[in-house]
Amino acid sequence: MTGHQHATDVAIGHDLLDAAGGAPTGSSEVVVDAQHVDKWFGKLHVLQDVSLQVKRQEVVVVLGPSGSGKTTFIRCVNHLEKIQGGRIFVNGHLIGYRDVAGKLIEDKEANIAKQRQEIGMVFQRFNLFPHKTALENIIEAPTQVRGMSKDEALEVGNALLQRVGLAAKADSYPAQLSGGQQQRVAIARALAMKPALMLFDEPTSALDPEMIGEVLEVMKELAREGMTMIVVTHEMGFAREVADRVVMMDEGRVIEEGTPEHFFNNPTEERTKTFLAKIL
C-alpha cells in the first residue's frame, strides 16, 4: 500500500467512524468493565472470577488454548451467554441485568436489545442472510432496529462497502462471495450499527490462508482509527502489531496480561510460555 493510498484509506475510515460510529459516547474512559465474572455450563466452571477492563480506543487481544473461556467471555460481554456471578458494564451500563439489592435480575429483552446496539460482534462464521445481497445485509439492522431511513442506510452501507474494499460487490449474494469477502461484509454490517465496541470471535479461523490477510487489514485499519476492540484470535502477528494489551486465558481464568512486548518477549507465567512455545 502506498503512503498516498494509506492516507486516503485513513481519511475514508475517519469519515466513516464519524458517519458510522466508533468512539464511545459518554465521558468514561472505560468502555468494558468486567468484574469477577463467573459462568457455568452445567457443572463446568467455564469462567472463574474473570475481571478485565478495556479503555476507550484500546485494542485488547485475548489468547489461550481451546476451551480456555475466551469465546464464552466475549459472548457474555454481549449477553449472548448469561453470567452467574459478577458484573459486566459497557459504557457504564450493566449488561443484561438489573441490580436489585445486590442480586442480578435478568433485564427485559427490549432493554438488552437496546444495549446490544452499542456492541458490534463478528463471529467465526459469517452469519449473513443468504437471501439478501451484501448491501441488504448491511442495511437490515440500521433500518429495522435503529429506525434509520432507507436512503441514509444505503449511503452508510455503500460507504462501508467501499471501506472494506467491496464497493463492487454491493449486489452480490453471500454464496457469490469468498469467505474473506463474506467476513468483510460481516464487519461492515456490525459497523453499520455505529457501535462503541467491536468484539471479534476468531474472525479468520474459518478462512482459507490467502483470505486471512484481507480481513486482518480491515481490522488493523479500524484499530488505527481508534475503534475499541476485543479480539479473540490465534493470529500472533496481528496481536504483536495491533494490540495495546494481550490477555492470556487458561481454564476459565485470566492468568497473564501485558503489552505485546512483555507477552511475547518476557512472559512471567509458565503456562503462557508453554502456550507460546507451541504456536510460535
Side-chain angles (χ1 to χ4, degrees), residues 1-25 31 56-57 59 91 114 116-123 126-200 203-204 207 211-231 238 242:
M1 180 183 290
T2 67
H4 174 71
Q5 283 176 310
H6 178 73
T8 304
D9 285 350
V10 170
I12 291 170
H14 277 303
D15 288 347
L16 219 66
L17 283 184
D18 292 336
T25 53
V31 177
R56 183 195 304 249
Q57 299 189 334
V59 177
N91 272 353
K114 192 170 183 181
R116 285 200 186 110
Q117 292 179 27
E118 296 188 10
I119 306 168
M121 187 156 182
V122 178
F123 301 87
F126 324 121
N127 293 353
L128 298 176
F129 296 116
H131 60 289
K132 292 182 181 291
T133 65
L135 183 58
E136 287 169 342
N137 265 280
I138 292 168
I139 69 172
E140 175 79 7
T143 54
Q144 298 298 318
V145 180
R146 282 207 184 274
M148 191 182 288
S149 73
K150 183 82 174 287
D151 287 346
E152 184 184 355
L154 287 170
E155 184 178 347
V156 169
N158 281 307
L160 283 164
L161 281 171
Q162 181 180 350
R163 167 70 187 78
V164 299
L166 293 173
K169 299 292 186 180
D171 296 325
S172 297
Y173 289 90
Q176 299 170 311
L177 301 173
S178 70
Q181 290 170 335
Q182 289 186 62
Q183 193 62 296
R184 284 185 280 158
V185 172
I187 293 172
R189 179 180 62 178
L191 289 173
M193 287 296 285
K194 305 183 180 182
L197 168 70
M198 285 285 285
L199 305 174
F200 292 88
T204 60
L207 300 179
M211 296 175 187
I212 290 172
E214 64 193 44
V215 173
L216 291 179
E217 192 52 47
V218 171
M219 294 169 63
K220 290 175 186 176
E221 199 67 55
L222 284 176
R224 287 192 283 264
E225 292 160 6
M227 174 62 79
T228 308
M229 298 162 62
I230 303 178
V231 183
F238 177 86
V242 180

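Only heavy atoms go into these numbers, but all of them, side chains included; no hydrogens, no water, no symmetry mates.
- Counting all heavy atoms, side chain and backbone alike, F129 lies closest to E140 at CE1-CG, 3.9 Å.
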Checking side-chain contact (heavy atoms from CB on, under 4.5 Å) for the pair V231/M219: CA distance, chi angles, key distance, verdict?
-> CA-CA 10 Å; V231 183; M219 294 169 63; 3.7 Å; yes

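- Heavy-atom minimum distance, I138 versus G157: CG2-CA, 3.8 Å.
- Taking CG of L197 as the reference point, atom CG of N91 lies at 8.0 Å (rounded to 0.5 Å).
- In terms of heavy atoms, P130 sits closest to P174 at O-CD, 3.7 Å.
- The minimum heavy-atom distance linking L161 with A134 is given by the pair CD2-CB, 4.3 Å.
- No side-chain heavy atom of F200 sits less than 4.5 Å from a side-chain heavy atom of I230.
- In summary, of the residues considered (R224, K220, E221, M229), a side chain to side chain contact (heavy atoms under 4.5 Å, CB included) with V242 occurs for K220 alone.
- In plain terms, the two heavy atoms of A188 and L160 that are nearest each other are O-CD1, 3.5 Å.
- Interatomic distance, CE of M121 versus CZ of R189, reported as 12.0 Å (0.5 Å rounding).
- In terms of the side chain to side chain contact (heavy atoms under 4.5 Å, CB included) criterion, residue partners of Y173 (sequence neighbours excluded) are, by chain and number, T133, Q176.
- Applying the side chain to side chain contact (heavy atoms under 4.5 Å, CB included) criterion to Q181, with sequence neighbours excluded, gives L166, K169, L177, S178, R184, E214.
- Residues P203 and V122 form a side-chain contact, since some pair of their non-hydrogen atoms from C-beta on lies under 4.5 Å apart.
- At distances below 3.5 Å, not a single donor-acceptor pair connects side-chain atoms of E152 with backbone N or O atoms of P142.
- Residues forming a side-chain hydrogen bond (donor to acceptor under 3.5 Å, both in side chains) with K114 (at least two apart in sequence, or on another chain): none.
- Here CD of E225 is found 10.5 Å from CD of Q57. Values are rounded to the nearest 0.5 Å.
- The minimum heavy-atom distance between V31 and A196, with the atom names listed, is CG1-O, 4.3 Å.
- For the pair V164 and V185, the minimum side-chain heavy-atom distance is 4.5 Å or more.
- The closest side-chain heavy-atom distance from M193 to M148 is not below 4.5 Å.
- By the side-chain hydrogen bond (donor to acceptor under 3.5 Å, both in side chains) test, Q117 pairs with R146, sequence neighbours left out.
- Residues Q183 and T204 fail the side-chain proximity criterion, which asks for heavy atoms closer than 4.5 Å.
- E136 meets the salt bridge (charged side-chain N to carboxylate O under 4.0 Å, His left out) test with no other residue; sequence neighbours excluded.
- For the atom pair CG of L135 and CG of N158, the computed distance is 5.0 Å after rounding to the nearest 0.5 Å.
- Side-chain contact between I212 and F238: absent, with no pair of heavy atoms (C-beta onward) separated by less than 4.5 Å.
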Please assess I139 against K150 for the test side-chain contact (heavy atoms from CB on, under 4.5 Å), listing each intermediate value before the final yes or no.
-> CA-CA 8 Å; I139 69 172; K150 183 82 174 287; 3.7 Å; yes

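- Of the possible donor and acceptor atoms, none in the side chain of N137 sits under 3.5 Å from a partner among the backbone N and O of L128.
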